[in-house]
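Only this structure's heavy atoms are used, side chains among them; waters, hydrogens and symmetry mates stay out.
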Amino acid sequence: MSTLLGHNFIAGARSAQGSKRLQSLDATTGEALPFEFTQATEAEVDAACRAAETAFGEFRHLSPARRAEFLDAIADEIDALGDDFVAIVCRETALPAARIQGERGRTSGQMRLFAKVLRRGDFLGARIDLALPERKPLPRVDLRQYRVGVGAVAVFGASNFPLAFSTAGGDTAAALAAGCPVVFKAHSGHMATADQVGCAIIRAAEKTAMPKGVFNMIFGGGVGEWLVKHPAIQAVGFTGSLSGGNALCKMAAERAQPIPVFAEMSSINPVVLLPEALASRGDTVAKELAASVVMGCGQFCTNPGLVIGVRSPAFTAFQAQLQEQMAAQAPQTMLNAGGLRSYAQGLEHLLAHPGVSHLAGEPQSGNQARPQLFKADVALLLEGDELLQEEVFGPATIVIEAADDAQLKAALHGLRGQLTATLIGEQSDLVAYQWLVPLLEQKVGRILVNGYPTGVEVCEAMVHGGPYPATSDSRGTSVGTLAIDRFLRPVCYQNYPEALLPEALRNSNPLGLKRLVNGEWSDAAL
């Protein structure tokens, strides 16, 4: 493991100009760990952004194959981080070693997946409309389009995934794949982890001869505003709270040159229980659902925070079974003290609301989160009460009983945008309730059947996004290869000399791409 300096990463070197020191903490005990970090100054944030901007000119012109080598090298360096590294992550986050080892594999796997995307080349989106000089009444000029990186990208690390949504996480992988250097804002909850992963990225950059400012990282609270408002930054990736994401969006929109913010923020991920499934396997569903709610101490963005079904004896029996299952769940340590405070506050709001009743869970106390089950009146959704729309980040969920199918439909209409929605049903249920799907398509980014939303596969088809407030821009995803689209923009070349065209658009097709030529897909040379 590299020596843990705690300095900012700027243009391939380390910098510690500031006077403010930050301490890494043990998530379980709250005790200070022997790792100190120097908060970035405004001048250092400026230097990091300028370094990324300078690197962009060289990095964007590297071939996709060269950038793929870089991503593969990052993956190798991450895989090489040993047990001493895992131990540090565990202490900073209170997550078990098996979880961290799995997340390390997911993080390196994301890098290798984007390397495959680069070698495949379809992300370039090459389109060619050849000249038609004889066309009447007007000739057509030669037009060719492909996609380029937007420029330097700011990425904010998430609290709940110290590896996969952090320093070398999905946003960083997608930005680097797009040809965009990164300025990463380390999360205060796992700075030692970020330092070690940052060192791994720099080692990979040096081994593959990448430009010095291809990856930069800053530490500290309050430095994010300098980062987002910096004119060199051309896009932002963020995973965190609704208030934090909204603040970044406001900053970005108010710049002299507004830029896009791709923020994943808040989701309660409704689970819809259909009648035949409850009648045939309600006890199993209750057990599985409780396990999903408390998985990872409920600290997943896809945690099922709302469970809804139509009134029936089977639904009543299910509620009793879920109550029993949730009452039996053990308390767990959260990622950090701030998360526990927020969880306790969310529980207080639910307990104080007259339309909400408490079904299971010991009163919240101590330094661990206690699982909780609530029941809310369906009127809260029908009347637009905002309480149920607010994510309680932790091992809690809320049951809602609709009187009939019409009320179920109206209640789901009342939901804001979500990352996921889940249908638990038999085949006959899914046919009878097919009318739910168009409604859910307008509300969520991913619809599941007979599964649970905790767990997001990293692959080509995954969508981890959704309408606001799940994300700030529902046209993208933060997981899966489509994530690269967020950091690309199209450029068209008109009557451009063949010898000067980007390789992706040349007649000889040296990259062997499948291109849209005169409206037909072809990988042939022209």
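Using modelled atom types, one finds no donor on one side chain facing an acceptor on the other under 3.5 Å when comparing Thr420 with Thr302. Inspection of the Ser15 and Asn8 side chains reveals no N or O donor paired with an N or O acceptor under 3.5 Å. There is no side-chain donor-acceptor pair under 3.5 Å between Asp473 and Thr471. Between Glu69 and Thr208, the side chains place no donor N or O within less than 3.5 Å of an acceptor N or O (distance only, hydrogens not considered). A donor atom on one side chain and an acceptor atom on the other are found under 3.5 Å apart for Tyr468 and Asn246. Judged by distance alone, the side chains of Asn336 and His190 never bring a donor and an acceptor atom under 3.5 Å apart. For the 3.5 Å distance criterion, the side chains of Glu390 and Ser266 fail to qualify, holding no donor opposite an acceptor. Between the side chains of Gln364 and Tyr343, no donor-acceptor pair is found at a separation under 3.5 Å.
Between Glu77 and Lys207 there is a salt bridge, since at least one side-chain N of the basic residue sits less than 4.0 Å from a carboxylate O of the acidic one. Salt-bridge check for Lys287 with Glu324: failed, with every basic side-chain N at 4.0 Å or more from each acidic carboxylate O. Note on Asp171 versus Arg486: salt bridge recorded, some NZ/NE/NH1/NH2 to OD/OE distance being below 4.0 Å. Arg147 has a carboxylate O that lies under 4.0 Å from a charged side-chain N of Asp485, or vice versa, which qualifies the two as a salt bridge. A salt bridge does not link Arg370 with Glu362: none of the charged nitrogens is closer than 4.0 Å to a carboxylate oxygen.
Using the six-membered ring where Trp is involved, Phe219 and Phe9 have ring planes that are tilted, between 30° and 60° apart.
Between His358 and the choices Leu351, Leu350, Leu373, the side-chain contact (heavy atoms from CB on, under 4.5 Å) rule is met once, by Leu351. Applying the side chain to side chain donor-acceptor pair (under 3.5 Å) test between Arg91 and each of Thr29, Asp26, Thr193 identifies Asp26 as the sole match.
Annotation: side chain of Leu71 is in contact with side chain of Leu176 (closest heavy-atom distance under 4.5 Å). Side-chain atoms of Val148 and Arg489, non-hydrogen and from C-beta on, do get closer than 4.5 Å to each other.
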Does the side chain to side chain contact (heavy atoms under 4.5 Å, CB included) test come out yes or no for Leu335 and Leu95, once each step is laid out? CA-CA 7 Å; Leu335 291 157; Leu95 296 172; 3.9 Å; yes
Decide yes or no on side chain to side chain contact (heavy atoms under 4.5 Å, CB included) for Val150 and Leu488, but give the supporting numbers first. CA-CA 5 Å; Val150 298; Leu488 295 168; 5.7 Å; no
I'd like to know whether Arg50 forms a salt bridge (Lys or Arg N to Asp or Glu O under 4.0 Å) with Glu53, so could you lay out the CA-CA distance, the side-chain angles of the two residues, the decisive distance to 0.1 Å, and finally the verdict. CA-CA 5 Å; Arg50 296 296 178 194; Glu53 182 180 46; 3.2 Å; yes
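Looking only at distances, no side-chain donor or acceptor of Asp72 sits under 3.5 Å from a matching main-chain atom of Arg112.
Between Phe123 and Phe114, the ring centre distance reaches or exceeds 6.0 Å.
Cation-pi geometry between Arg106 and Phe161 is satisfied (NZ or CZ under 6.0 Å from the ring centre, within 45° of the ring normal).
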